[in-house]
Enquirer: 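Questions regarding the structure given below will be posed in turn.
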Amino acid sequence: MQDMLKLNNVAKSFTLYNQSGIQIPVFEGLSLSVEKGECVALAGPSGMGKSTLMRMIYGNYLCPAGAIDIRHRDTWVDIASADPRVVLDIRRWTLGYISQFLRVVPRVSALDVVAEPLVGRGMKPDEAREHAAVMLGRLNLPESLWHLAPATFSGGEQQRVNIARGFVARYPVMLLDEPTASLDKANREAVLTLIEEAKSDGVAVVGIFHDAETREAVCTREFLMSDFKKAA
Amino acid sequence: MSAQTMQQPARNDVSTDTPLLTVDRLTKLYGNQLGCADVSFDLYPGEVMGIVGESGSGKTTLLNCLAGRLSPEEGSVVYTDRTGEEVDVHAVSEPRRRMLMRTDWAFVHQNPRDGLRMGVSAGGNVGERLMAAGARHYGKIRSAALDWMEKTEIDLTRIDDRPSTFSGGMQQRLQIARNLVTGPRLVFMDEPTGGLDVSVQARLLDLLRGLVAEMGLSAIIVTHDLAVARLLSHRLMVMRRGKVVERGLTDQVLDDPQHDYTQLLVSSVLQP
């Protein structure tokens, strides 16, 4: 199968200048390749840098050492050294990320939050909202909520908006940070179905799943983060 | 799903873009005092850049130099116009620069009173900029003014009222209407939400975000409000004492700041 994502010798540490310059090492020497249709679970206890690694792949955290290569527009691009606007282009077309929490914008309805990635690709807003409605329906979000801003939604409702936003546009590579954390059984099933569909479409998935049942259901292999723990 | 089979339009391919604005080693002094020093960057079409930093960090000075409102001691600002011609903003003739400001560029001031004519009706304020750019047909000017008042959510029955009778939020929205009516390519904004209370800010931000995306505008936004910067800008420059201390993708700079000053800024924000 074709590689979609290649991490080569990646390291990360944080320096907190305003707390007497303390250095917090996270990991080092980390390499990982993810192929089309694979779902790799980042495994290991808290504090191993699972979410940090996800954010580095997304370009949200800087990658000070090593390379994070992603297949974008049929060429390899190193996210660690790419220009901001190239990273944004990668995020628009190639790389999706479902974080644990929805970042809500005042006054923007759930439907528009979900439609936004498609509008960003140039789709007409009305057409994008139709796709958004289908996705929110699949995730069982009550229609009465679609036109409200998600700020007042429950945790589970916000999470479903977040997931709908992540799956409304097809990305060849997806990052999922605890996508089922605050969901009940029926909604968890709906998300698992979406992940399975993405995999059979050839999407390369990297995920964090604390729930063992979910992990066993969708993941093709585990990647143990504690192997790369850097001593303080 | 048809969305998934959508072709990637060429306009989204960033690799073939040429910069709209090229800024090279810009330095501005006030006597011995430093305004801004050695600032260089490229701004590409459709890109929104935020400039953040505390009061006195030189961000407004930089913005004024970029927009040709102040002359720098050193460095250059080159703008590529609609025809592909490169214009050296500080070397070009005054009439040419003014023409640019009336047509291709727009400048939104923190205080709407600096960007509006307070003695002229709301409709007149929007229409005036159209006329400065060459429009002459009264009916078309008035309908464009109405259209823009609607886009910026101003009650259309207020078209003949003077902005001095408007609230601060309405004045700011009118200033934005006045600026965008000519379809500029590049908008400079100096603390656009600065003097507004938070409920009004949210409305204005939502409006600006929508318009910038819809019109494919490039913008440079000076703000001390990191939440505003996160919401509106694609990338950020952090300024301190006239110098750019950190730059990058907006969410990267705010979520994983590398410079001690940026870390201080980010960690100083109060959570409501």
Enquirer: Going through the distances and angles, do A/Lys124 and B/Glu214 end up as a salt bridge (charged side-chain N to carboxylate O under 4.0 Å, His left out)?
Expert: CA-CA 11 Å; A/Lys124 295 251 185 310; B/Glu214 194 184 308; over 6 Å; no

Enquirer: Quick one: what part of B/Glu47 sits under 4.5 Å from any heavy atom of chain A, side chain, backbone, both or neither?
Expert: side chain

Enquirer: Between A/Leu62, A/Leu16, A/Asn60, which residue shows the highest count of heavy-atom pairs closer than 4.5 Å to chain B?
Expert: A/Asn60

Enquirer: Give, as side chain, backbone, both or neither, the part of A/Phe14 having an atom under 4.5 angstrom from any heavy atom of chain B.
Expert: side chain

Enquirer: Answer with side chain, backbone, both or neither: which region of A/Gln19 has an atom nearer than 4.5 Å to a non-hydrogen atom of chain B?
Expert: neither

Enquirer: If I measure from the heavy atoms of chain A, does B/Asp251 come under 4.5 Å with its side chain, its backbone, both, or neither?
Expert: both

Enquirer: Salt bridge check, B/Arg235 against A/Asp83: does any charged N sit closer than 4.0 Å to a carboxylate O?
Expert: no

Enquirer: Distance check, rounded to the nearest 0.5 Å: B/Leu249 atom CG versus A/Tyr61 atom OH?
Expert: 13.5 Å

Enquirer: Would you find more than 12 non-hydrogen atoms of other residues, nucleotides or ligands less than 6.0 Å from B/Lys243 atom NZ?
Expert: no

Enquirer: Taking all non-hydrogen atoms of both residues into account, name the closest pair between B/Asp260 and A/Tyr17 and its distance.
Expert: CB-CB, 3.2 Å

Enquirer: Side chain, backbone, both or neither: which part of A/Arg55 has a heavy atom under 4.5 Å from chain B?
Expert: neither

Enquirer: Below 4.5 Å from any heavy atom of chain A, which atoms of B/Leu231 appear? Answer side chain, backbone, both or neither.
Expert: side chain

Enquirer: Sort out for me which of B/Arg209, B/His259, B/His234, B/Arg247 touches chain A most, counting heavy-atom pairs under 4.5 Å.
Expert: B/Arg209

Enquirer: Taking the basic N atoms (NZ, or NE/NH1/NH2) and the acidic carboxylate oxygens, is any pair closer than 4.0 Å for B/Asp256 and A/Lys12?
Expert: yes

Enquirer: Any idea which of A/Gly21, A/Pro84, A/Pro125, A/Gly59 has the most non-hydrogen atom pairs under 4.5 angstrom with chain B?
Expert: A/Pro84

